[in-house]
Amino acid sequence: MTVIQKNAPSIVLKGLSKTFSEDIRQANYILENVDLTIKQGEFYILLGPSGCGKSTLLNILAGFIEKSDGELTINGESEESKANRGFVFQSADSALFPWLTVEENVEFGLKMKKVPLAERKEVANHFIELAGLSGHNHKFPSEISGGMKQRVQLARVLANDPQILLMDEPFGALDAMTRRTMQKELIRIWKETNKTIIFVTHDIQEALMLGQHIGIMSIGPSSKITHSYEINLPYPREITSPDFNQYYKVVQSHFD
Ligand SMILES: Nc1ncnc2c1ncn2[C@@H]1O[C@H](COP(=O)(O)OP(=O)(O)OP(=O)(O)O)[C@@H](O)[C@H]1O
Ligand SMILES: [Mg+2]
């Protein structure tokens, strides 16, 4: 078992660039020279306007797409690292298996890893409970609400015990009230599990509700992280507090 020291750098990017062009001489860089360090157990927000390259960066961190240039290390290893990463997509509809129940969806990854039945039921139930879904084990995705589906997706990812959670606007499609509940749940789960979370959003309020650090990305092309803020506010955060408002104004000023 690898013991990961808390607050050790978990993810380091140096001069990372990405182009989708084949010909490097005519390259149109989506991301150019992105530098970023995220520590073990940190809740890090990537905030930026639509189309700037947030999903592209998150997909590179997930290992779904390749970088074009620069360095990426995860837990001190190159990007081929075996670090276990879990990805939460914007829409649970495309991520969940509609023919499987809540419980079967959550235990799916464990089943693939051939974890014995009794053990995987125990793990699945733990995360179903953590996600506030107890009593819904045997329902199908079509029988539960959008917020509940998103919690199933989260429980499924957590059941695989990733060291790093990558979340791409996971609450973007939810109504304001459900989004608020999900944000609270996520903070609770993060505190209980001490995962490293990288969360993409273009919503400043959401960024300030959740993040310990916020990295602001510039408008693309050639987007990079231009500013980084440490948010020194205790959880749960109060949207109406003067301190929250102060941070809001500072972050908002980058998008004026
Ligand atoms: N596979 C691809 N091939 C070519 N261009 C791509 C590809 N994927 C993304 N892009 C381009 O890269 C840029 C960044 O896209 P990306 O999806 O990363 O933005 P985003 O910040 O996540 O936007 P949003 O907030 O709207 O989700 C866009 O101009 C997009 O057209
Ligand atoms: Mg995106």
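Ligands are counted one by one from 1 in listed order, and the atoms in each one are counted from 1 as well.
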Under 3.5 Å, is there a donor on one side chain and an acceptor on the other for Ser21 and Asn28?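 On atom types as modelled, these side chains do not qualify, holding no pair under 3.5 Å.
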Do Ser134 and Glu129 have side-chain N/O donor and acceptor atoms under 3.5 Å apart? no
Using a distance threshold of 4.0 Å (strictly less than), state whether atom 31 (O) of ligand 1 has a protein heavy-atom neighbour. no
Under 4.0 Å from atom 4 (C) of ligand 1, is there any protein heavy atom?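 Answer yes: something from the protein, a heavy atom, is under 4.0 Å.
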In terms of residue, atom name and distance, what is the protein heavy atom nearest to [atom]?
| atom | result |
| --- | --- |
| atom 16 (P) of ligand 1 | Thr56 OG1, 3.6 Å |
| atom 1 (N) of ligand 1 | Phe20 CE2, 3.5 Å |
| atom 17 (O) of ligand 1 | Ser55 CB, 3.8 Å |
| atom 26 (O) of ligand 1 | Ser50 OG, 2.6 Å |
| atom 25 (O) of ligand 1 | Lys54 NZ, 2.7 Å |

Look at the rings of Phe87 and Phe89 and say which category their plane angle falls in: under 30° parallel, 30 to 60° tilted, over 60° perpendicular. tilted
Mind checking whether Tyr235 and Trp190 have parallel, tilted or perpendicular rings, split at 30° and 60°?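 Correct class here is perpendicular.
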Residue-ligand contact Gly51/ligand 1, heavy atom below 4.0 Å: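 A heavy atom of Gly51 does come that close to ligand 1.
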Quick check on Cys52 - does any of its heavy atoms sit under 4.0 Å from an atom of ligand 1? yes
Suppose we call two aromatic rings close when their centres sit under 6.0 Å apart. Are Phe108 and Phe97 close by that rule?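 Centroid distance Phe108-Phe97: below 6.0 Å, so yes.
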Which of the numbered atoms in ligand 1 are under 4.0 angstrom from any heavy atom belonging to [X]?
| X | result |
| --- | --- |
| Gly53 | 14 (C), 16 (P), 18 (O), 19 (O), 20 (P), 21 (O) |
| Ile30 | 11 (C), 12 (O), 13 (C), 14 (C) |
| His202 | 25 (O) |

Closer than 2.8 Å to the Mg ion (ligand 2): does that hold for any N, O or S atom in Ser55?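 Checking Ser55: at least one N, O or S atom is under 2.8 Å.
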Charged N to carboxylate O below 4.0 Å: is that the case for Lys224 and Asp35?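 Not counted as a salt bridge, because no side-chain N and carboxylate O are separated by less than 4.0 Å.
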Taking NZ, NE, NH1 and NH2 as the nitrogens, is one of them in Asp256 or Lys249 under 4.0 Å from a carboxylate oxygen of the other? no
Is it the side chain, the backbone, both or neither of Glu169 that has a heavy atom closer than 4.0 Å to ligand 1?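 Only the side chain of Glu169 comes within reach of ligand 1.
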Pair Asn125, Asn137 - check side-chain hydrogen bond (donor to acceptor under 3.5 Å, both in side chains), show working. CA-CA 8 Å; Asn125 274 304; Asn137 295 41; 2.6 Å; yes
Do Leu186 and Phe43 pass the side-chain contact (heavy atoms from CB on, under 4.5 Å) test, and can you show the C-alpha distance, the side-chain angles, and the key distance before you say yes or no? CA-CA 10 Å; Leu186 181 61; Phe43 201 137; 3.6 Å; yes
